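Here's the structure, in structure tokens; my notes come after.
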Amino acid sequence: MAIIIDGKLIAAQVKEEIAAEVLKMKEQGLRAPALAVVMVGNEGASATYVASKVKSCQQVGFESIDLHFPEDISEETLLQTIQDLNNNPGVDGFIVQLPLPSHINEDKVIAAVNPDKDVDGFHPSNVGKMALNIPAFVSATPAGIMELIARYKIETDGKEIVVLGRSNIVGTPISILLSRKAYPGNGTVTLCHSRTKNLKEVCSRADILIVAIGKPEFVTADMVKPGATVIDVGIHRIPSTETKSGFRIIGDVQFESVSQVAGYITPVPGGVGLMTIVSLLQNTLKAAKEKRKEGPTA
Ligand code: GUN
């Protein structure tokens with residue numbers, strides 16, 4: 001039976017560390033870090049994530065600014081809002097929750113964010129720096145995965161690492177991070193996608209398997225090498241007659257069977273998801289500290 005990588009426990013520890021730093025800043029007479037979250041429309045999953053982000057800010061003593069716009073906001077107005085946040089000295093970092101409605105160009109929105117306030121790490125400048133191993137904001141989910149690997153002291157050096165899914169937010173950045181000359185890193189990384197052949201065979205070579213494919217319970221025990229570390233990034237809400245709410249949350253990995261063969265595994269919920277928010281808080285703290293170095297008005 002695999003060791004469970006407890007995202008809830010690690011997230012709580014990191015939050016305590018952040019809260020202690022915020023307290024220190026306040027004792028020195030500095031303003032608490034401030035994070036703004038921009039949301040467009042009312043998509044259910046996004047609304048839940050945004051509410052969690054705002055609540056987490058409060059838990060660690062950050063200021064949070066919640067900006068909610070209707071679904072039909074124009075691209076121009078959204079871009080103007082981003083400029084205002086870029087220019088607002090009271091905001092250390094901000095994010096625009098994705099996905100955006102189809103009439104808004106996401107790439108344009110991401111590129112409009114000042115890279116120094118881009119605590120999501122989505123701006124091309126931050127992605128490029130990350131790839132070159134230059135200090136930058138690393139996007140929250142990959143950063144959270146790196147934190148879990150480091151805190152559980154999972155060996156990555158020279159290991160076969162297989163990533164399922166090549167999204168800009170998760171698969172692509174984690175594949176780069178784990179192949180960099182660093183710890184966690186120095187892995188031999190294979191990035192799999194819809195055109196990959198012999199997927200099962202590739203997966204079963206992995207010492208570390210990172211699954212961000214967006215398909216419920218896609219990975220089964222026969223795809224996993226005994227003793228491997230399995231990181232599940234998926235989150236799916238499915239109907240259930242066994243819960244009061246009428247649904248339950250599952251991941252991209254069939255937990256019951258895979259946990260019988262894996263060495264380490266992240267549960268869903270209680271794994272990577274909680275770490276994503278914590279990484280956003282870490283990035284915001286970093287942005288605030290950098291800004292305070294700039295001078296007394298910052
Ligand atoms: N949508 C899904 N994940 C994320 C994330 O990490 N940041 C933003 N802004 N939107 C998302």
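Quick caveat, the model's predicted, so the values are computed rather than measured. Start at 1 and go down the list; that is how both ligands and their atoms are numbered. Just the heavy atoms: all of them, side chains too, but no hydrogens, waters or symmetry mates, feed the values below. Counting begins at 1 with the first residue of the sequence.
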Sequence neighbours excluded - salt bridge (Lys or Arg N to Asp or Glu O under 4.0 Å) pairs with any residue from residues 98-119: E75-K108
Identify every side-chain donor-acceptor pair in residues 165-176 under 3.5 Å, counting partners at least two apart or on other chains, and give the distances.
from: S167; atom 1: OG; to: V170; atom 2: N; distance (Å): 3.0
from: S167; atom 1: OG; to: G171; atom 2: N; distance (Å): 3.4
from: T172; atom 1: OG1; to: R166; atom 2: O; distance (Å): 3.0
from: T172; atom 1: OG1; to: S167; atom 2: O; distance (Å): 3.4
from: S175; atom 1: OG; to: G171; atom 2: O; distance (Å): 3.4
from: S175; atom 1: OG; to: T172; atom 2: O; distance (Å): 2.7

Ion pair check, K293 and E290, cut-off under 4.0 Å: yes
Which donor-acceptor pairs under 3.5 Å do the side chains of residues 217-233 make with protein atoms, sequence neighbours left out?
from: T220; atom 1: OG1; to: D222; atom 2: OD1; distance (Å): 2.5
from: D222; atom 1: OD2; to: K200; atom 2: NZ; distance (Å): 3.3
from: K225; atom 1: NZ; to: D207; atom 2: OD1; distance (Å): 2.8
from: D232; atom 1: OD1; to: G234; atom 2: N; distance (Å): 3.0
from: D232; atom 1: OD1; to: D252; atom 2: N; distance (Å): 2.9
from: D232; atom 1: OD2; to: D252; atom 2: N; distance (Å): 3.2
from: D232; atom 1: OD2; to: V253; atom 2: N; distance (Å): 3.1

Within the protein, residues bringing a heavy atom under 4.0 Å of ligand 1, chain by chain: K53, V96, Q97, L98, D120, F122
K286 side-chain N/O to A136 backbone N/O, donor-acceptor pair under 3.5 Å: yes
ILVMFWY network linking V162 to I149, side-chain heavy atoms under 4.5 angstrom: no
